[in-house]
2 protein chains.
Amino acid sequence: MPKNGPDPRAILDLDRIVHEPARLAILTVLASAEEVSFLFLQRVTGLSKGNLSSHTQKLEAAGYLETVKAFQGRIPVTSFRITEDGRAALRVYHQQLRALLPKEGKP
Amino acid sequence: MPKNGPDPRAILDLDRIVHEPARLAILTVLASAEEVSFLFLQRVTGLSKGNLSSHTQKLEAAGYLETVKAFQGRIPVTSFRITEDGRAALRVYHQQLRALLPKEGKP
DNA sequence: CAAAACAGGTTTGCAATACAAACTTGTTTC
DNA sequence: GAAACAAGTTTGTATTGCAAACCTGTTTTG
């Protein structure tokens, strides 16, 4: 019986917005909290400010998160929330990853 | 109890050579066969020739596959084999993916 | 048998990206 | 009140993924 792995074409269908590690990290954090501040996100991901800023912008453009700008006293604080679309995209992405992982316990 | 997801920093450590979908598809195919011809690889992945060529070159440069050039009669045939390093990299990658996937069966 | 079509790949050119350095705007400290 | 600092954004750059164009040899065809 010929070894029959996952469909290689399916791999090419992965959502590149989600697939990029920096953004996947961001979405992963956002998925587990209601709202996350820019600075917290930066600390927890280790991304540079510039990098984090552009990735969140890209995620917002994709409709996967929304940006909330507020003031903490008189200093401005930017926070993010994952959207339903973002959650859905992440779910789909996870499903696709599962599909391409070999079943647990191969020789 | 606060939801405690996967470590976001770990996501940034993913091997970008493997992480790129086209190359992941290639490695996935190579992992399940001893040797695979260029043309078969092209058909099964759906990649363009140019694209396939450059990705296999990158994988070879990374030491993840080796290229075998031979003749079938008088026409040249290029084939590829995954190396031990390639197999190891793929294994590690799979492990990392598993670590970042939420446990099966969440609400 | 010459030329035209074709096969198997590789190289080139280009648009898109990820990333951090430099900048901006406002606030706090000295 | 000048200088340092904070929170982000924009700019500049090197890298990348991709397919069109190219190359070398083989097969088909008029």
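Just so we're on the same page: letters track the sequence lines, and every chain starts at 1. For the numbers below, each heavy atom of this structure counts, side chains included, while hydrogens, waters and symmetry mates do not.
- Nearest-nucleotide assignment on DNA chain D puts the 5′-proximal partner with B:Lys49, out of B:Lys49 and B:Ile75.
- Residue pairs meeting the side-chain hydrogen bond (donor to acceptor under 3.5 Å, both in side chains) criterion with at least one partner in residues 56-65 of chain A, sequence neighbours excluded, are A:Asp15-A:Tyr64, A:Ser53-A:Gln57, A:Glu60-A:Thr67.
- B:Asp13 is linked by a side chain to side chain donor-acceptor pair (under 3.5 Å) to nothing, counting only residues two or more places apart in sequence or in another chain.
- Residues passing the side-chain contact (heavy atoms from CB on, under 4.5 Å) test with A:Pro6, sequence neighbours excluded: A:Leu100, B:Thr28.
- Annotation: side chain to side chain donor-acceptor pair (under 3.5 Å) contacts of A:His19 (sequence neighbours excluded): A:Tyr93, B:His19.
- Annotation: proximity of residues 51-74 of chain A to DNA chain C (heavy atom, distance under 4.0 Å) is found for A:Asn51, A:His55, A:Lys58, A:Arg74, numbered in ascending order.
- In this model, the phosphate group of D:dG8 is approached by a side-chain N or O of A:Thr78 to a distance below 4.0 Å at OP1 or OP2.
- The side chain to side chain donor-acceptor pair (under 3.5 Å) search around B:Gln42 returns none, not counting sequence neighbours.
- Near DNA chain C, meaning a heavy atom under 4.0 Å from it, residues 8-29 of chain B has B:Arg16 in order of number.
- Hydrophobic cluster membership for B:Val68: none, as no Ile, Leu, Val, Met, Phe, Trp or Tyr side chain comes under 4.5 Å of it.
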For residues 71-82 of chain A, which side-chain donor-acceptor pairs fall under 3.5 Å, sequence neighbours excluded?
{"residue": "A:Thr78", "atom": "OG1", "partner": "A:Lys69", "partner atom": "NZ", "Å": "3.3"}
{"residue": "A:Arg81", "atom": "NE", "partner": "A:Glu35", "partner atom": "OE1", "Å": "2.8"}
{"residue": "A:Arg81", "atom": "NH1", "partner": "A:Glu34", "partner atom": "OE1", "Å": "3.4"}
{"residue": "A:Arg81", "atom": "NH2", "partner": "A:Glu35", "partner atom": "OE1", "Å": "2.7"}

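- Contacts classified as ring pair (Phe, Tyr, Trp, His ring centres under 6.0 Å) and involving residues 31-52 of chain A (residues at least two apart or in different chains) are not found.
- Map B:Phe80 and A:Gly50 each onto its nearest nucleotide of DNA chain C; the residue landing nearer the 5' end is B:Phe80.
- Every residue meeting the side chain to side chain donor-acceptor pair (under 3.5 Å) condition with B:Asn51, not counting sequence neighbours, appears here in chain and number order: B:His55.
- Contacts with DNA chain C (heavy atom under 4.0 Å) in residues 35-43 of chain B: B:Phe38, B:Leu39, listed by number.
- Taken together through direct or relayed side-chain contacts under 4.5 Å among Ile, Leu, Val, Met, Phe, Trp and Tyr, A:Ile26 and A:Val92 form parts of separate hydrophobic clusters.
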